[in-house]
Structure formats: structure tokens, C-alpha cells
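Chain identifiers are assigned alphabetically (A, B, ...) following the order of the sequence lines, protein sequences preceding nucleic acid strands; residue numbering begins at 1 within each chain.
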Amino acid sequence: MEKPLTKHIRKDQRPLSLKEYEKVGGYESVRKILKGISPKEVQKIVIDSNLRGRGGAGFGTGLKWSFVPLDVLKPKYLIANADEMEPGTFKDRILLECTPHQLIEGMIVAAYAIQADVSFVFLRWAYKTAADTITKAIHEAYEAGYLGKNILQSGYDLEMHLHTGVGRYMCGEETALLNSLEGKRATPRAKPPFPQISGLFGKPTIVNNVETLCCLPHIINNGADWFNELSLTNDSGTKIYGVSGKVKKPGAWELPMGTTLRELIEVHAGGMADGLKFRGALPGGASTDFLVEDHLDVKMDYTHVAAAGSRLGTGTVVILDDKTCPVGFIKNLEHFFAQESCGFCTPCREGIPWVEKILNSIETGEGRLEDLKLLEFHTKYLGPGNTFCAFAPGAMEPLQSGLKYFREDFERHIQEKKCEFKNFKFQVSNSVES
Amino acid sequence: MPSKMLTTEEIKEINHAIELVPYKKAACIEALKVVQQNRRWVSDESLKEVAAFMEMSPEELDSVATFYNLIFRRPVGRHVILLCDSISCWVMGYEKIKNSLNEKLGIEFGETTSDDRFTLLPNPCLGTCDCAPALMIDNDLYRNLTIEQLDEILSKYK
Amino acid sequence: MSTLYIDGKPFEVSSGKNLLETCLSLGFDLPYFCWHPALGSVGACRQCAVKVYKDENDKRGRLIMSCMEPVTNNQLISIDDVEAKEFRDHVIEWLMTNHPHDCAVCDEGGSCHLQDMTVMTGHSYRKFTYKKRTYKNQQLGPFINHEMNRCIQCYRCVRFYKDYAGGKDLDAFASRNKVYFGRHEDGVLESEFSGNLAEVCPTGVFTDKTLKQHYTRKWDLTMAPSICQHCSLGCNIIAGERYGSLRMIANRYHGEVNGYFLCDRGRFGYEYVNAPTRLKIPVFQNGSTEDVNITRLLKQISSLKGSTIIGIGSPRASLESNYVLKKLVGESNFYLGVSETDYRLTNLILEILSKGPARPYSMKDVEESDAVFVLGEDLTNTAPMLALAVRQSVRQQPLKKVESAKISLWNDAAARELIQNEKGPLFLGTIAFTKLEDVATSTCHASPDDLARIGFAVAHLIDPGSSPVNELTELEKSLAQNIANTLLKAERPVVISGSSSGSDAVIKAAANISAALQKKKSNSGIVLVVPECNSLGLGLIGGQSLAKAFDESAKGKVEAAIILENDLYRHATLPAVDKFISSTKNIVVLDHTINATTRKATILIPTGTFAEADGTLVNNEGRAQRFFQVYEPANGIKESWRWLIQLSEGLLEKNFNHWKNQADVIQSLAKEIEIVKGVDTIVPPPHVRINGQRVPRQSHRYSGRTSMLANINVSESKPPEDSDSSMSYTMEGFRGQPPSSMIPFFWSPGWNSVQSVNKYQEEVGASLRGGDPGLRLFNPGQNNSVKYFETIPEKFEAVKGKLLAVPLHHIFGSEELSSKSDAVSKRIPQAYVIINGEDASSLQASEGEEIKFEIDGQSYQLPVKISKEIQKGVVGIPIGFADVPYADLPAWAILKT
Ligand SMILES: Cc1cc2nc3c(=O)[nH]c(=O)nc-3n(C[C@H](O)[C@H](O)[C@H](O)COP(=O)(O)O)c2cc1C
Ligand code: SF4
Ligand code: FES
């Protein structure tokens with residue numbers, strides 16, 4: 001089983017130096033494209049590879065690039081979205097901390113494909129280790145001539161800078177990220193116009209997720225067919241999956257795209273912690289719909305998870321066990337969303353705090369049956385298109401599926417005016433596997 | 001506009017950030033970070049100094065500053081504890097950690113100990129969900145937390 | 001054109017607009033908040049949702065925000081769709097979760113956009129059972145009240161204040177459901193356009209603080225269409241009265257002139273009408289008002305019959321009043337009550353505008369102009385709304401990029417994101433600092449003569465047929481070259497100048513540029529700012545200069561002078577006016593407000609202010625506009641022209657008492673003065689009735705009519721009859737939309753707030769139905785023979801022991817009437833003078849220290865401000881300030897020690 005993204009991660013997680021990285025084939029893809037693959041051809045390879053964005057939305061990466069006008073004057077921008085703040089998600093962290101050169105290499109490929117001349121890594125504040133590794137790696141790459149003017153004597157120039165954020169989940173949304181990089185409030189922008197036309201500082205821009213970018217060197221080196229074949233399904237490549245919650249061995253693993261949820265939980269995460277049963281899971285972070293027992297055999301790729309009524313999202317699974325209160329679980333999520341709303345559009349700004357208040361009252365035994373209707377109206381009207389960006393629809397996903405799958409829990413809270421899970425004690429005991 | 005109060009070191013760092021962007025204002029978040037790093041938090045006075053240096057009005061800068069939760073516009077202690085309150089940590093018992101910290105430090109979220117040592121703040125997902133619960137103090141991340149470890153961890157920060 | 005299907009019905013609509021403005025233009029009631037016709041769309045409030053369908057087979061459709069979606073051909077949408085309605089209802093419900101239930105005590109109540117939209121969506125039942133969020137309010141100065149709890153986070157305030165008007169001290173703070181709009185700390189809002197917040201904010205967060213001082217519901221106001229009297233631009237206003245006092249000024253939309261906005265001088269300068277300085281009773285010189293009734297007073301005046309009476313007209317009085325005065329005293333005895341400089345410059349401007357080849361641009365034209373050169377005017381202070389228009393003009397060139405990126409121009413945030421900091425060309429040449437510099441391509445500060453020289457040089461570069469300028473510095477040469485090239489490249493270039501720097505040369509240079517440009521471009525324009533609201537009107541009526549009047553009286557030839565609404569001490573020096581007054585036996589003054597001249601009157605006749613008068617003004621572009629009386633003043637006070645007609649009975653053989661109303665006067669005037677032909681047609685004559693009815697000045701919601709004076713008299717008094725217009729002073733009358741020149745207030749069923757203006761326009765943001773009111777007297781291209789001004793001033797040289805004193809204008813303080821208004825008076829700066837650092841050091845004066853000098857024999861002692869933005873050898877003096885004696889500037893100031 002090939003693990004291109006993580007194969008060079010050492011046991012102790014110390015990143016490879018540039019020299020070490022080059023020894024295992026690092027920056028080969030950069031040499032290859034600069035020697036004579038045109039930007040359009042790079043785009044074609046990536047389109048053929050069927051690589052879909054790992055940031056959550058799953059949009060075709062090559063296709064996304066193709067909207068960038070190649071003839072437009074500089075500057076153009078390429079941005080690595082390393083803002084990873086989706087609750088339950090910790091996959092980019094691994095790549096950032098352990099394989100910084102792989103990210104830089106991927107960024108050069110992407111930047112070249114759209115003929116960008118300036119690139120940024122937008123890194124969330126909390127990733128201090130990653131900030132250090134990336135800073136060092138960028139420095140090394142400049143020294144070695146992979147960045148800067150006239151890279152490898154090819155005539156192609158690319159600058160790269162690290163920008164660390166100052167909080168707010170919203171910064172992960174690509175247009176809000178652009179505003180933040182411009183030194184503004186991280187509120188989202190209207191689309192259209194898409195960043196490919198008017199992005200950072202009004203110039204053509206591509207924002208790609210860290211994991212997406214890390215796939216690129218391997219696609220260039222090994223070809224589109226190879227990448228397609230890594231997967232068990234039609235959505236190509238490998239995926240860094242993760243599992244957190246009360247399982248025996250929470251962690252993250254690079255596996256073929258399409259690995260089932262069951263395999264993730266039972267094989268890689270070692271199964272549920274003792275005495276607990278699987279009740280449900282968010283397949284890809286806080287803003288995805290619950291999957292439940294019936295879905296354990298769903299292949300974890302974009303297409304199959306969508307068919308099961310959810311989204312692959314970031315592919316990092318959060319487990320809900322049978323001794324954890326689903327109402328409390330969802331309330332925690334909605335608290336997060338209410339806190340993190342940027343406050344720009346009405347439904348999100350006013351609706352989510354209302355949802356949180358309702359969930360809170362249900363959980364504390366003060367809920368009323370009408371409250372469920374109110375929650376439902378929020379899930380309906382905070383849907384895609386109704387709010388300014390995808391934040392609020394994401395926030396509604398766990399709620400709407402939660403109301404569907406765990407309705408009896410909500411009703412019981414309301415009828416019995418209390419939360420029966422409150423007194424359950426669980427001893428934290430987990431082992432970490434890297 | 002001349003800036004009397006920013007230190008040369010601060011000005012150097014801010015100027016470096018300005019070089020990377022097409023116009024001065026775009027580096028304002030960097031400027032706030034620089035000042036916060038040196039002064040723990042961004043007071044009204046600091047805000048005005050930075051605004052003057054960045055050729056912005058205090059309003060323009062504060063509008064940005066108050067948007068972000070990690071720009072502190074109120075005083076914080078010598079060490080800031082960011083306790084993850086998001087879903088995986090919640091599942092894995094964040095609440096107990098929180099209660100314990102509240103008790104040990106005698107402060108709630110948003111408060112600072114009377115000896116100015118710690119400020120306790122909630123923080124969304126720290127991205128280490130497989131090792132929940134987790135918290136950060138200053139630049140250090142602590143994972144797989146148990147209540148028992150807290151004393152030792154806290155004792156490292158004076 | 002496109003075909004748009006709304007709920008199954010086809011409509012022909014223009015392409016390129018968004019769905020919201022299209023639906024509103026078609027007359028549909030679609031609720032919205034964050035969209036504003038002048039500010040465009042950002043899609044924040046989500047109130048304007050409609051359903052859109054892919055094709056006839058699509059039965060589900062999808063919700064979209066109509067303000068963010070362009071009209072496309074054969075588009076199918078539904079406003080009535082159940083889900084769309086439900087969603088709109090819920091948006092209100094969300095907003096209402098935190099909005100206080102304080103309508104009863106809210107200033108906005110009854111004219112509140114949020115109230116209207118709440119009713120429109122049908123939201124009525126509250127399901128949110130938790131606590132509301134609350135905020136602290138801020139003290140924002142004398143104009144604007146702040147009540148943040150009412151905020152619905154539509155972002156309009158910051159979008160207007162910051163993005164549109166260039167203000168920097170109002171912003172959005174914090175995030176999520178804690179977003180706060182205000183300043184970073186308490187303090188006076190700096191922008192000269194802050195008052196618009198009261199109209200732009202759809203709720204009661206930002207309200208008019210002056211109205212609050214004497215609050216009344218807006219529906220209880222008696223209102224009339226009027227014209228702002230506080231500068232020469234002639235912005236259209238609505239003025240509202242209750243219980244005999246003027247309570248509020250609001251914007252009256254005019255597609256060409258002021259659009260949706262007003263400046264703070266115009267909005268808050270009205271309080272002089274109610275101030276203690278107001279003249280309410282006739283007065284004789286001895287100061288006793290006892291027994292002075294108007295009959296006695298008129299008799300006294302009749303006794304002057306047959307003696308030499310001169311009349312002094314006024315740039316702040318109406319065409320009608322000036323005209324009747326001129327008729328009363330006779331052509332040869334009529335003098336224009338303005339300074340020598342203003343007299344010269346106004347005549348020069350009239351000549352340029354009426355004969356010059358270029359078109360006088362309206363403010364709308366300026367907004368759409370793609371290259372602007374301002375020469376010698378500090379617009380923010382001399383013609384504030386024009387500054388706002390110029391601020392929009394710098395977006396024109398970048399907006400072309402927006403268009404070519406296929407981004408709709410109304411997609412405001414997207415357009416701004418693409419444009420970033422890019423700005424179209426704006427060149428400023430001013431005496432000292434001016435507020436538009438933040439958006440200018442380049443700014444140059446110089447003495448009037450040096451400014452003029454640059455202007456002449458630009459003209460010469462555009463057309464070598466105009467005179468060249470010698471001895472320019474390299475810097476000046478390259479600046480002139482840059483300006484010339486830019487103006488030539490532009491599609492709609494405009495040069496803006498005016499009389500505020502007191503320089504003929506500056507205006508002539510601007511005229512040369514405009515003439516040269518017009519030779520090359522058929523679409524170029526010129527704007528010339530004049531001192532007062534009717535400076536051009538007075539000039540058109542014509543008369544001799546004030547100095548001549550002074551001469552005549554010095555010769556002892558004048559027995560009486562009738563001074564019309566004019567404080568002569570603002571147009572001539574104190575010794576000169578004193579001398580004139582002492583050498584003239586009878587000083588008859590007609591005015592409404594105490595000033596230095598009224599204090600010297602032997603006979604003082606109290607007149608109506610603009611609010612109590614009908615009249616016509618000619619603005620700086622030569623647009624004649626009519627203002628209507630808002631209410632009948634008490635004590636038998638009348639318009640000046642009415643008094644003057646009455647005086648004619650005692651003074652003339654053939655008197656004017658056949659002139660019964662304003663229409664009679666203006667008709668006579670229109671017949672007599674060729675250039676104002678047609679001014680009698682700008683509003684329907686007074687006998688016109690619509691469906692047999694008058695247009696009511698009061699809304700149908702006006703309350704308490706039968707009881708409002710019950711404490712005085714229980715029987716309802718008969719409302720006054722309006723003989724001057726076809727409007728009534730009551731709530732009865734024609735309920736439909738009146739002709740565009742006679743709109744006393746904007747109201748439409750379901751639209752009680754000012755947003756109802758949408759319903760009065762041909763199309764949202766376009767002209768008012770039936771055309772924007774007023775008559776342009778100067779038509780472009782009437783005369784294509786270009787004649788250049790040839791005399792070019794010498795380079796300015798500093799003179800030892802002297803400084804060239806030049807006038808500086810202040811939006812608050814330089815204009816006479818607004819300065820007497822309480823709120824505005826709080827914003828008047830301390831008197832000062834401004835000099836260059838080099839001059840300061842040679843005078844050994846430091847910042848704030850007083851310097852002494854003499855102009856024209858008058859002494860001055862004022863604290864110094866030091867600036868590098870004023871040329872060496874020049875001193876800037878704020879004009880119009882109570883504690884700065886008048887001098888006809890520019891003039892040499894002789895330094896004293
Ligand atoms: C509220 C919100 C938060 C997001 N956060 C992230 C994030 O932290 N990291 C990320 O890569 N993408 C995030 N996204 C998705 C980005 O908007 C964007 O689609 C992605 O960075 C594109 O990269 P990809 O095409 O490589 O997936 C977020 C989206 C939304 C709506
Ligand atoms: S203060 Fe008024 S204009 Fe500003 S966001 Fe709130 S409601 Fe809108
Ligand atoms: S008016 Fe359309 S979203 Fe606000």
C-alpha cells in the first residue's frame with residue numbers, strides 16, 4: 001500500500017532537511033516541470049489525476065486552476081490554506097510539521113501551473129511547531145534556488161512567505177482568508193467574482209488546501225494514472241484520515257481513498273473504547289452530517305459519503321459514542337459556530353446563537369417540544385445559498401442529521417427535563433500512534 | 001507620521017512585513033502581532049501608535065483588531081492559557097480540565113489571576129484532536145491532558 | 001433589454017441591473033436592508049430573497065438574494081413563492097431577536113425602514129424567548145445620536161461613511177453577534193457628511209440629534225420642498241415644521257444635483273430659523289419696540305417718497321426679492337450687496353458659464369467624470385457635496401476594469417476588492433490643505449497667482465492657441481504636463497474652480513482649460529463655485545457694485561437705503577460700512593436674523609426665512625430652483641418680496657400691488673430678463689389642481705390637528721391659504737405622487753421611511769418621475785467660438801514685512817446663517833491664521849502664538865498654525881468668523897510687532 005504523502009515522515013516526526021528530502025526524490029517534480037512541461041500541461045496532468053480539493057469542498061483542483069487567466073500580468077498569487085481549524089481536524093498539522101518541503105514543492109508546482117509569482121502559506125496561529133518548520137524549510141528552499149528569482153535557471157520566479165493568523169475559524173474560508181491576508185476583517189467575499197479572477201489584492205489567486213498541495217509532487221512524478229490507481233474508488237489518490245473521540249487508538253493515517261468508515265474505526269483506531277458502543281460519527285469535521293451505524297461500510301470518498309447524506313469534508317472522523325449525549329455534542333458544535341460566525345450576514349449571525357440557546361435549554365431540561373420545530377426551521381433556512389457563505393450551512397449539517405438520527409434523545413431531554421448522560425464517568429485513557 | 005513610542009525593533013519588524021504587501025495597511029495585522037508579542041496585549045495607546053505608524057485611523061485598525069480573538073485588546077497575564085473547548089476535547093473530558101483550572105487558578109474564562117500570572121481563555125479546536133483534551137500555554141502545546149498533570153504544567157510558568 | 005418573468009408575468013427590463021433594483025423599479029414591494037441605491041449591493045442582510053427557477057420544468061427553484069443577482073434574459077423568478085416569503089419573514093425574525101421593542105420611544109418610529117420591512121414580511125409573532133444583547137452608546141457630537149441596541153448589522157453606516165464619503169472615524173468592530181458600529185472611543189464624528197447616517201441607517205441607531213432637541217414624529221411635520229441656502233450648490237431639501245418652529249431638514253432626492261445625500265452644514269444649519277437671534281417684530285432705530293406696528297412703520301417709509309432711495313440686493317435672497325427691490329428703487333439705484341471681488345468674480349463666472357463652450361457639469365456629471373482638476377477651491381469647505389461627488393469620480397477609471405472583469409458595478413464589495421487602492425485621476429491645486437487629498441493623484445499648494453499660472457500652463461499644453469506661461473519651475477512644468485495629458489486622455493474630464501480664493505486669474509485659467517479641452521473633447525465640463533446660494537441669481541438680475549453705492553452716499557446723494565437680507569459687514573470692511581451707514585439717513589433693513597447690519601437699521605422689517613418664504617434660487621451651475629414656504633410665520637412676517645410690494649404702494653406712483661403672488665412676480669421677471677426665460681415654468685402655477693385638489697404639506701398620518709392648539713383655543717382655526725403655490729397647509733388634498741418639483745415628503749403605502757424615494761423615480765437611482773425639477777439656464781455649446789483669457793499673472797514673490805492674506809473657508813463657520821445654528825456653532829473652530837514654517841521662524845512665532853498684522857487699515861491679532869502646506873509669503877485667514885474682521889481678500893497683510 002503506497003503512502004506517498006507520509007512515507008518520509010520519521011517516527012520522531014522530525015522533518016527532513018532539504019538535503020535529506022532531495023535524497024529521497026524531493027523537488028524532482030519542480031525540476032521536471034521547469035525543464036519543459038508547460039503550465040497548461042501541468043494543469044492537464046492534474047485534471048487527469050482527478051485530484052479533488054482536500055480542504056473540504058472537494059472541487060477538482062486542475063479545473064479550479066484552469067479559470068486563472070494565464071495571460072494576465074503579474075502579480076498572481078498562490079496560497080496554501082493551512083488554517084486548519086475545523087473542529088475534529090488535525091490532518092494538515094501532520095503534513096505541516098513533518099513534511100514542510102513536500103508542501104513547498106507542491107506549492108511551486110501549483111504556482112507554476114497558474115504562473116503565480118507570489119505565494120503565501122496562511123498558517124493558523126496555534127501551529128507553532130509548524131511555523132518553525134515551515135520558516136526553516138522556506139529559507140532552505142530559497143538558499144537552494146527553488147524559490148526566488150529564476151528558479152533553477154528556468155526563468156520562472158516565485159516568492160514565498162509565511163503568514164500566521166490571529167485566530168478565527170472563518171479565516172479558513174478562502175475568500176475570508178484573502179481579506180485577512182489583506183489586513184482586513186476576515187469576512188467572506190461574494191462569489192462571483194471567484195478568486196481566480198479577483199483574489200488577493202484584486203489579482204488572480206488560487207487557494208489550495210495543504211493536503212491537496214502535498215499530492216502534487218507525486219502526481220507530477222508518477223503520473224495521473226498512478227494517482228487514480230492509489231484509490232479504491234473513482235475519487236483518486238490517498239487520503240489522510242483521522243479518528244478522534246472515544247476509540248482505543250485515536251490518530252491519523254494515510255490510506256487509499258475509499259477506505260470504509262468501519263475499517264478506520266475498527267482496524268486503524270482499534271475499535272471503540274472499552275464499554276462503549278458506536279453511535280454515530282462526523283465523517284469530516286464539525287460541519288458534516290452525522291453518519292450512523294448503517295453507514296459503517298460507506299467508502300470514505302467524496303461520492304460515497306455524499307450518497308450516504310453527508311460530506312467527506314476533511315476526512316477526519318469524530319466519533320459519538322453511546323454514553324455521550326448527542327444533544328450536548330451538537331450543542332458544543334453550535335457553540336463553536338456561534339462563536340466563530342463572522343457576523344456579516346443575518347441568518348448566521350442571529351440564527352446560530354439562537355440555535356445554541358435552544359440546545360442549551362434542551363440540555364438543561366428547559367426545552368419545549370416547539371423548540372424542535374425552531375431547530376428544524378434553522379436547518380432548513382440556514383442552508384446553502386441562503387447565507388452569505390458556506391459557514392452556516394456547514395453549521396447546520398450536524399444539527400439536521402442529529403435531529404434525524406437522535407431525535408429520541410432530544411425528545412427525552414424535553415420530556416424528562418434533564419440530561420441522563422450527565423452522570424456518566426469516563427476515564428480518559430488513550431495511546432497515541434503516529 | 002512619526003511614531004514616538006514604537007521601539008526601533010518593533011518598527012524594523014513591522015517594516016519587514018510591509019515590504020511583503022503592496023500597500024502599508026495590508027500589513028496591519030502583522031503590526032498588531034509585533035506589538036502584542038512585545039507588550040502582551042494591545043492597549044488603546046498601543047493601538048493608536050500602531051495606527052499612526054500604519055497611516056490608519058484608530059477606528060480602521062481597531063475594526064480589524066477586535067475581529068480576531070487572538071489580538072488581545074484587554075490586558076492579559078504573563079501567560080495565556082488557551083484551553084480547547086471544541087468537539088473532540090469536549091468528548092474527551094474538557095469540562096473537567098476546565099473546572100480544575102478554574103479551581104486551581106481561581107479564575108473563569110476571560111479572567112486573569114490576581115498575581116497577573118495567567119489568563120484563561122477558551123479556544124476553538126487546537127488541531128490535536130487525537131490527543132484530546134489539549135491546551136496551550138504561550139507557545140507550548142499540552143495534549144492528552146489529565147487533571148493530575150495540571151499542577152506540574154502550571155508550575156513551569158512563573 | 002431583457003424579459004424577466006416575475007411570478008409568471010413577463011416584464012421588459014433593462015439589462016445589467018440587479019434583480020432587487022429591477023423589481024423595485026417595477027413597483028414590487030421587496031424588502032431589503034443592506035442594499036442602497038447609491039451604495040450598491042453586498043448581500044449581508046439576506047432580506048431580499050426571491051426564488052429563481054432554471055426553466056419552466058423547475059418547480060422547486062432555489063432561493064437567491066435578489067440584490068446580488070444580475071437580470072438575465074428570460075429569467076424566471078418568484079417574489080410570492082411560499083418559501084421565499086417564509087425566508088424573508090424569518091430574516092426579520094432573526095433581526096428582531098435582538099432589536100429592542102422600543103418603537104414608542106424611538107426617534108425613528110413611524111418612519112423606520114425596519115418597521116416597514118417587518119410589516120411587509122408579515123412577521124408578527126415572537127418565538128425567541130431569551131435575553132437580548134445590549135450595547136453601550138457613544139457620544140458622537142452635536143449632530144448625531146447613537147443608540148446601538150437598535151442595530152441590525154446591515155453595514156450601511158460604514159459603507160456610506162467610510163467607503164462612500166471617505167470618513168475614517170466610524171467603523172465596524174468585533175465579530176459574530178457582537179458586531180458594533182461606532183467610533184473607537186466617544187468623540188465628534190469628523191466627516192462633513194455624518195448627517196446622512198440618519199437617513200442611511202434603516203433603524204434608529206443613528207438619528208438626527210438636532211431633531212431630538214425638539215422632537216416630533218416625522219409624520220407630524222408640515223413639510224415642503226425646499227432648497228438648501230447654505231452654499232451655492234442648491235441641494236434639494238425637505239424642510240419640516242411643527243408648532244411654528246422648523247424641526248428638521250432631510251434630503252430631497254434630485255437625480256442631477258444632490259442625489260441621496262446632504263452635507264452637515266445643509267442638514268444642521270437650519271436652527272437659526274428658531275434661534276434667539278431671530279427677528280420677529282418690526283423695530284425702529286431707538287430700539288424701542290413699543291408701539292411699533294407695521295402700519296406706522298410703513299407710513300414712515302412712505303414719507304420717503306420722492307427722495308433718492310437706493311436698494312442693496314443680496315446673494316442669499318431669492319430672485320424674486322432682489323427683482324422686486326430692483327424694480328422698486330429703479331435700475332440705476334440698485335446695487336449688488338457683495339464685495340468688490342465677489343462682484344467681479346461672479347460677473348466673470350456668469351460670462352464664462354453663459355458664453356463658454358463647455359458644459360457646466362452637474363454634481364451627477366462630476367461623479368461620473370473620469371478625470372478631475374480642482375483649481376483654487378477647498379471643496380469640502382466651500383461646496384461640500386461637490387467634494388463628495390469628486391470623491392466618487394476617482395472610481396470611474398478603475399470601474400472600467402471592474403466592467404471588463406465582468407463584475408457588475410452594483411456588486412459593491414466585489415468592485416472594491418478588485419479596485420483595491422487604485423484611483424482615477426484627481427488633481428488638486430489649493431491654497432492650503434484640503435480634505436480630498438487622500439484620494440488625489442497629486443496636490444499642489446500655492447498662492448492664487450501661482451495656482452492660476454499652473455492652470456494657464458495646462459490650458460496652453462492642451463491647446464497651444466492659448467497663452468503660454470513663462471518662468472515655470474521644472475516641478476510646475478511637469479505637473480502641468482501630467483494634468484494636461486490626463487485630461488486629454490479622459491472621456492469626461494472636468495475642471496472645477498470658483499471664487500473662493502478671490503482670484504480672477506484662477507477662474508480665467510480654469511476657463512481657458514475648459515475651453516481648450518472643449519476644442520478637443522465634446523464631452524468635457526466645467527464647474528465654478530460661487531459664494532452663496534443665489535450669487536448667480538443676483539448676478540443675473542444685475543446691478544452696480546457696492547462700492548458705487550458707498551460712493552453715492554458719500555457724495556450725500558442718498559436719503560435712504562433699503563438693504564435686503566444682507567449683512568453688509570460681511571461684504572465690506574467695518575470702516576467702509578460704518579461710513580456708509582452714517583452718511584445715509586434712513587437705513588431700512590429687511591432681514592430675518594440679527595446681524596451687525598440689522599443692529600444699525602433705522603427701520604427694521606422682519607422677514608421670513610427660506611422656510612417661511614417662496615422663492616427661486618440659481619445655483620452655481622445656473623440651475624434655477626424653486627423653494628416653497630413650509631409654514632406661515634407668526635406676527636404677520638412676510639417674504640421680503642411681499643414687503644417690498646407693499647412698500648411700493650407708499651413709494652411709487654405705479655406700484656406693484658397687481659403682483660398678488662410669487663407666480664406674478666416670477667412671470668414678470670421671466671419676461672423682463674432674457675437669460676432667465678422659463679423660470680416661471682419650473683413648478684406648476686398656483687391655480688393648478690390635481691384631481692381638483694392641492695398637494696398637502698402634511699401627511700395623511702398627521703396627528704392632533706384639531707387638538708394641537710386646544711390649550712389656546714378649542715375651536716380649530718382655519719388653515720392658511722397658500723396663494724403662492726398649489727400646495728395646501730393641511731393634510732387634505734391629493735394623495736398620489738405630486739409633480740417632481742412639488743414633493744413635500746416621500747411616502748408610499750408600506751414605505752414610511754425615506755426609502756420610499758424609490759417609488760418616486762423613473763427607475764431606481766434615476767431621475768424623479770417626470771424629470772428632475774429645476775431649469776438649467778445655461779445650455780452647453782451655445783457658443784462655440786473659443787476666446788481665451790490672455791493676461792497671465794506674474795509669479796508670486798514673497799514680500800518682506802508683508803504676507804499675502806488669502807481667504808480660507810470652513811464648512812462650519814464661514815457661512816453666515818448656519819453659524820447661527822446651535823449645533824453648527826459647536827463645530828466652529830477657534831479663529832487662527834496659517835503660515836508657512838519659514839515665515840513662522842522669521843517671525844519667531846511658534847504654533848499657537850499670536851501674530852499681529854494689518855489689512856486695509858484694520859488690525860488683526862490671531863494665533864498661528866504652522867503648515868508646510870501653505871506657500872511662503874502667504875497667510876491663510878478663516879473668513880466669515882465672528883471674531884475675524886472682514887477684509888476683501890486676497891490683500892496684503894502688513895506685519896506688526
Ligand atoms: C467556514 C469555512 C472554513 C474553512 N476552513 C478551511 C481550512 O481551515 N482549511 C482549508 O484548507 N479549507 C478550508 N475551507 C475550505 C476553503 O474555503 C477552500 O475551499 C479550500 O481551502 C480550497 O482548497 P482545496 O480546493 O484544495 O480544497 C473552509 C471553508 C469554510 C466555508
Ligand atoms: S447602525 Fe444602522 S446602518 Fe449601521 S449596521 Fe446598524 S442598522 Fe445598519
Ligand atoms: S438587500 Fe439583498 S442581501 Fe441585503
Within the structure provided, determine whether A:Ile197 and C:Lys406 are in side-chain contact (heavy-atom separation under 4.5 Å). no
Chain C contact via A:Lys191 - side chain, backbone, both or neither, heavy atoms under 4.5 Å: neither
Side chain, backbone, both or neither: which part of A:Ala186 has a non-hydrogen atom closer than 4.5 Å to chain C? neither
Tell me, for C:Glu83 versus chain A, whether the close heavy atoms (under 4.5 Å) come from the side chain, the backbone, both or neither. both
Between C:Ser41, C:Ala172, C:Ala405, the one whose heavy-atom pairs under 4.5 Å with chain A are most numerous: C:Ala172
Is A:Ile352 close to chain C through its backbone or its side chain, or both, or neither, when contacts mean heavy atoms under 4.5 Å? neither
Minimum side-chain heavy-atom gap C:Val402-A:Ser198 below 4.5 Å: no
Counting only non-hydrogen atoms closer than 4.5 Å, does A:Pro347 touch chain C with its backbone (N, CA, C, O), its side chain (CB onward), both, or neither? both
Can you tell which part of A:Thr387 gets under 4.5 Å to a heavy atom of chain C, answering side chain, backbone, both or neither? backbone
At a heavy-atom separation under 4.5 Å, does C:Glu417 approach chain A through its side chain, its backbone, both, or neither? both
Run the salt-bridge test on A:Glu350 and C:Arg46 with the 4.0 Å N-O cut-off and return the result as yes or no. no
Are the side chains of C:Phe128 and A:Lys357 in contact, using a 4.5 Å heavy-atom criterion? yes
Please examine the side chains of A:Ser361 and C:Tyr130, heavy atoms only from C-beta on, and report whether any two atoms are closer than 4.5 Å. yes
On the 0 to 90° scale, with breaks at 30° and 60°, tag the A:Tyr381-C:Phe87 ring pair as parallel, tilted or perpendicular. tilted
Under 4.5 Å from any heavy atom of chain A - which part of C:Val179: side chain
Could you look at C:Asn421 and say if it's the side chain, the backbone, both or neither that has a heavy atom under 4.5 Å from chain A? neither
Can you confirm whether C:Lys127 sits close enough to A:Glu370 that some side-chain heavy atom of one is under 4.5 Å from a side-chain heavy atom of the other? no
